[in-house]
Amino acid sequence: MNKRFPENFLWGASSSAYQVEGAAFEGGKKASQQDIINRDSFERFGFATADVTADQYHHYKEDVALMKEMNFSCYRFSLAWARIFPDGTGEPNPEGVKYYHDLIDELKRNGIEPIVTMYHYDCPWALVEKYGGWLDRKIVKDFEYYARFIINEYKDKVKIWTTINEQSIIVQYWTQKCYIPEELLDGKHEQLRYQINHHMNLAHAIACNLVHEMVEGGIVGSAIGYSPIYPLSSKPEDVMAMQNAQALRNDYYTDIYFKGHYNKAALLYLQEHDLAPKIEDGDMELIASASSDFLALNYYASECARYCPDDSSTKIRWSGVNRSGKKGDIDGFETHPGFYQMCKNPLLDTTDWDWAIDPTGMEYLLRDLYNRYNKPLMITENGLGAYDIMSPDGKIHDDYRIAYLKSHIQAMKRAMDYGVEMIAYCPWSLVDLLSTSNGMKKRYGLIYIDRTDEDPKECKRIRKDSFYWYKKVLESKGEDLT
Ligand code: BGP
């Protein structure tokens, strides 16, 4: 097999605005829904707020220098809508617009290609107050206004765009990714999960068309949270459940991007259970008019599904979360009676937060998606959430993270050797940052941020062992993984 990665393959790492920037209320920025959601997590679970996180806003030059030291050729990050338009729409905030120019210029000066995500969970709070944010289809127009502005502003410097981060995960874990008012959490409004996703599909289509119209040489696609799904056993009922789960959890999203319509089996299931989105005249034509140039994948873990009988005592339930960071504390599994039930894969070890560690899943999903859609792929997230401990020598010996990243890069390479076209590999994450559901204790970075949930301290950057390892990997253009 071919040993070399292609010359133009991009190596970097990933982050998102509200999880890395901090400066939540500085430089003219106003609140996003994540500032509000994370205040609540601070009160309920003691997790850090989004106020400071890794403070990249004040450390971006240092962070770019560290990227350069590791030989990065790309950096994937998102723009905070509420930094550009503090009220969601109307007048742009010059300081916010300038911040991203400065960051992008710093990257480009160092030979690092920006991969820019337009939206990563952080709807401006002003729009949530005005009409409920993504719950209301009015947001599609406001998103178009925002997307048109940023694309025009940065189009000469940014050629690779991703639209909305992880629509599938937003449906599964909606209260962590969108602000949902208490009164909608009585179990009677679950259809709104799919309605939000439909509004996002419209916004995604508009954004793809805008990039194609406005950015010379630009390419665009969605970044999706994607887990391949295995059947719990080779019993035909389990294999069928796996296919049902694949339709509702994965194909429902990717078919929109590449076939321009909803997966039929998934939509029929949703219609039968009053969960299907309301689709207006012209919506499907708009969706079909947009083409994605690639699919960006956030891959952490594979999943497992088993048969679930359709009896009246079992109710629909949604994905569980492990908030404690103790293995096995996951709060239940998604269940759709008569269709499938997600479950633990007894054959795989997990992280302390119950995410199955499975490099083979990476090869499986890349080969499967490439076979089905025949579009280039990129990894925009992949990583191991762990409790990193600073040793008495002041260093972070994260050999477990090196082992994780190494095995996943090898799996990606095997997929490439079998013909899969890959654009980039960006592990999550450059620095330790705010987890979406577990505060600052669950660390992912190649660079340690010296802070706790309670105390942001100075956010000092400390290179982990994985930093030095990744630097060597990139120096050798992926050949030396030792
Ligand atoms: C993805 C998100 C990221 C990131 C990552 C790790 O779903 O795109 O924003 O946070 O998962 O998840 P967590 O922070 O919950 O550990």
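Keep in mind it's a predicted model, so treat the numbers as computed, not measured. Basis for what follows: all heavy atoms, side chains included, without hydrogens, waters or symmetry-related copies. For ligands, and for the atoms within them, numbers begin at 1 and follow the listed sequence.
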Does even one non-hydrogen atom of His120 get within less than 4.0 Å of ligand 1?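 Per 4.0 Å heavy-atom rule, His120 contacts ligand 1.
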
Is there at least one pair of N or O atoms, one from Ser16 and one from ligand 1, spaced under 3.5 Å apart? no

Out of Trp353, Trp428, Trp355, Tyr18, whose heavy atom sits nearest atom 4 (C) of ligand 1? Trp428

Can you tell which of Asn298, Leu377, Thr254 makes a side-chain contact (heavy atoms from CB on, under 4.5 Å) with Tyr226?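 Result: among Asn298, Leu377, Thr254, Thr254 is the only option passing the side-chain contact (heavy atoms from CB on, under 4.5 Å) with Tyr226.
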
Per the side-chain contact (heavy atoms from CB on, under 4.5 Å) rule, which among Tyr100, Trp161, Tyr75 passes with Val116? Trp161

Between Leu434 and ligand 1, which part of the residue brings a heavy atom under 4.0 Å of the ligand: side chain, backbone, both or neither?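 Within the 4.0 Å criterion, Leu434 makes no contact with ligand 1.
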
Where on Ser437 is there a heavy atom closer than 4.0 Å to ligand 1, on the side chain, on the backbone, on both, or on neither? both

To the nearest 0.1 Å, how far is [atom] from its closest protein heavy atom, and which atom is that?
{"atom": "atom 10 (O) of ligand 1", "value": "Gln19 NE2, 2.9 Å"}
{"atom": "atom 5 (C) of ligand 1", "value": "Tyr300 OH, 3.1 Å"}
{"atom": "atom 7 (O) of ligand 1", "value": "Glu166 OE1, 2.5 Å"}
{"atom": "atom 14 (O) of ligand 1", "value": "Thr436 N, 2.7 Å"}
{"atom": "atom 1 (C) of ligand 1", "value": "Glu381 OE1, 3.1 Å"}
{"atom": "atom 6 (C) of ligand 1", "value": "Tyr444 OH, 3.4 Å"}

Please list, in number order, the atoms of ligand 1 under 4.0 Å from a heavy atom of Tyr121. 2 (C), 7 (O), 8 (O), 9 (O)

Atom indices of ligand 1, in the order listed, that fall short of 4.0 Å to a heavy atom of Lys442: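 Those of ligand 1 that fall under 4.0 Å from Lys442 are 13 (P), 15 (O), 16 (O).
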
Could you check Phe25, Tyr99, Tyr18 and say which one makes a ring pair (Phe, Tyr, Trp, His ring centres under 6.0 Å) with Tyr57?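 One option only clears the test, and that one is Tyr99.
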
Taking everything shown except Lys108 itself, do over 12 heavy atoms lie less than 6.0 Å from its NZ? yes

Would Lys344 pass as a cation-pi partner of Phe333, given that its NZ or CZ must be under 6.0 Å from the six-membered ring centre and within 45 degrees of the axis?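 No, cation not above the ring by the 6.0 Å, 45° rule.
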
Any sub-3.5 Å donor-acceptor pair from [X]'s side-chain atoms to [Y]'s backbone N or O?
{"X": "Ser14", "Y": "Thr380", "result": "yes"}
{"X": "Gln341", "Y": "Arg306", "result": "no"}
{"X": "Asn197", "Y": "Val171", "result": "no"}

